[in-house]
Student: 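Sending over a structure as structure tokens; questions will come in a sec.
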Amino acid sequence: MRIAIRFFIFIVLTLLIFLFIDCWQQSVAEKQDGFTETNPWAYYLYTDPEVRNAPELSKDIKFLFQSQDGSRPEMSSIVYQGKAEAAPLRAYLSNLGYQRTTDKDEERWQKNNVPLPAFLIVVDKSNNRITLSKITFN
């Protein structure tokens with residue numbers, strides 16, 4: 001009986017520790033300055049796989065995450081800093097089956113005219129920055 005109680009306490013404590021680490025890492029992932037691949041917890045848990053597999057346009061890359069909150073969708077982004085072109089991102093999204101739907105300050109890419117999930121490409125030439133974001137509701 002004592003072994004079962006100790007095992008139960010061990011399991012509960014382990015789950016609480018992982019919950020604490022996850023909450024802490026989510027707050028790290030949602031910070032304004034983002035995170036990099038060197039933070040594997042945030043990188044693998046909070047970066048969408050399609051964003052994670054996007055072409056590497058520059059060596060200066062950071063990732064951003066925004067959790068779903070009410071009517072605000074979840075957003076996973078990769079930000080390329082430095083001289084880069086968005087053409088490889090467009091080809092990547094086309095290969096995934098997305099089609100370009102708008103062309104204003106940002107490009108919106110959707111599959112089969114379904115609003116979400118969708119990708120946004122924002123090219124900020126004044127700051128030499130390109131952002132690829134995937135927005136979705138879970």
Student: Side chain to side chain contact (heavy atoms under 4.5 Å, CB included), that's the test. Do Phe119 and Ile135 meet it? Break it down for me.
Tutor: CA-CA 6 Å; Phe119 279 94; Ile135 54 175; over 6 Å; no
Student: Please examine the side chains of Phe65 and Glu74, heavy atoms only from C-beta on, and report whether any two atoms are closer than 4.5 Å.
Tutor: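 A side-chain contact exists here, since the closest heavy-atom pair is under 4.5 Å.
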Student: Give the intermediate values and the outcome of side chain to side chain contact (heavy atoms under 4.5 Å, CB included) for residues Asp124 and Thr131.
Tutor: CA-CA 8 Å; Asp124 182 357; Thr131 304; over 6 Å; no
Student: To the nearest 0.5 angstrom, please state how far the CG atom of Leu15 sits from the CG atom of Leu13.
Tutor: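 Result: 9.0 Å between the selected atoms.
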Student: How far does CD1 of Ile61 sit from CD1 of Ile130, to the nearest 0.5 angstrom?
Tutor: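 Here the rounded value is 11.0 Å.
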Student: Enter the distance from Ser133:OG to Leu64:CG here, rounded to the nearest 0.5 Å.
Tutor: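 So the gap between those two atoms works out to 7.5 Å.
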Student: Within the supplied structure, the quantity of interest is the number of heavy atoms (other residues, nucleotides, ligands) at a distance under 6.0 Å from Glu85 CD; does it exceed 12?
Tutor: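 Not buried by this count: 12 neighbours or fewer within 6.0 Å.
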Student: Nearest 0.5 Å, what's the OG-CZ distance between Ser77 and Phe63?
Tutor: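 Answer for the OG-CZ pair, Ser77 versus Phe63, is 10.5 Å.
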Student: Same cluster or not: are Val114 and Leu96 linked, directly or through other Ile, Leu, Val, Met, Phe, Trp or Tyr residues, by side-chain heavy atoms under 4.5 angstrom apart?
Tutor: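 Different clusters.
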Student: Answer yes or no: are there more than 12 heavy-atom neighbours, outside Asn113 itself, under 6.0 Å from its atom CG?
Tutor: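 At most 12 heavy atoms, drawn from other residues, nucleotides or ligands, come within 6.0 Å of this atom.
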Student: Shared ILVMFWY cluster between Leu19 and Ile11, side chains joined below 4.5 angstrom?
Tutor: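 Per the 4.5 Å side-chain linkage, Leu19 and Ile11 are not co-clustered.
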Student: Going by heavy atoms in the side chains, are Glu50 and Tyr98 under 4.5 Å from each other?
Tutor: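 Yes, side chains in contact.
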Student: Under the criterion side chain to side chain contact (heavy atoms under 4.5 Å, CB included), I'd like the reasoning laid out for Arg100 against Arg108: C-alpha separation, chi angles, the key distance, then a yes or no.
Tutor: CA-CA 6 Å; Arg100 190 174 179 173; Arg108 185 177 182 93; over 6 Å; no
Student: Could you give all pairs that pass the salt bridge (charged side-chain N to carboxylate O under 4.0 Å, His left out) test and reach residues 38-49, with sequence neighbours left out?
Tutor: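 Passing the test, one end in residues 38-49: Asp48-Lys134.
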Student: Would Arg52 pass as a cation-pi partner of Tyr43, given that its NZ or CZ must be under 6.0 Å from the six-membered ring centre and within 45 degrees of the axis?
Tutor: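 Yes, a cation-pi geometry holds between Arg52 and Tyr43.
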Student: Would you check if the side chain of Asn39 reaches a backbone N or O of Phe35 as a donor-acceptor pair within less than 3.5 Å?
Tutor: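 Between the backbone of Phe35 and the side chain of Asn39 there is no qualifying donor-acceptor contact (under 3.5 Å).
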Student: Closest heavy-atom contact between Tyr46 and Ser76?
Tutor: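 Answer, listing the atom of Tyr46 first, then Ser76: O-OG, 3.6 Å.
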Student: Identify the heavy atoms of Leu93 and Trp109 that sit nearest to each other, and give their distance.
Tutor: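 Heavy atoms of Leu93 and Trp109 come nearest at CD1-CG, 3.6 Å.
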Student: State which residue, out of Leu89, Ile121, Val122, fulfils the side-chain contact (heavy atoms from CB on, under 4.5 Å) condition with Glu107.
Tutor: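 With Glu107 as partner, side-chain contact (heavy atoms from CB on, under 4.5 Å) holds for just one option, Ile121.
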Student: Atom OG of Ser58 and atom CD of Gln81: how far apart are they, to the nearest 0.5 Å?
Tutor: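 With rounding to 0.5 Å, OG (Ser58) is 7.5 Å from CD (Gln81).
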Student: Report the distance from atom CD1 of Ile3 to atom CZ of Phe10, rounding to the nearest 0.5 Å.
Tutor: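 Rounded to the nearest 0.5 Å, the CD1-CZ separation comes out at 14.5 Å.
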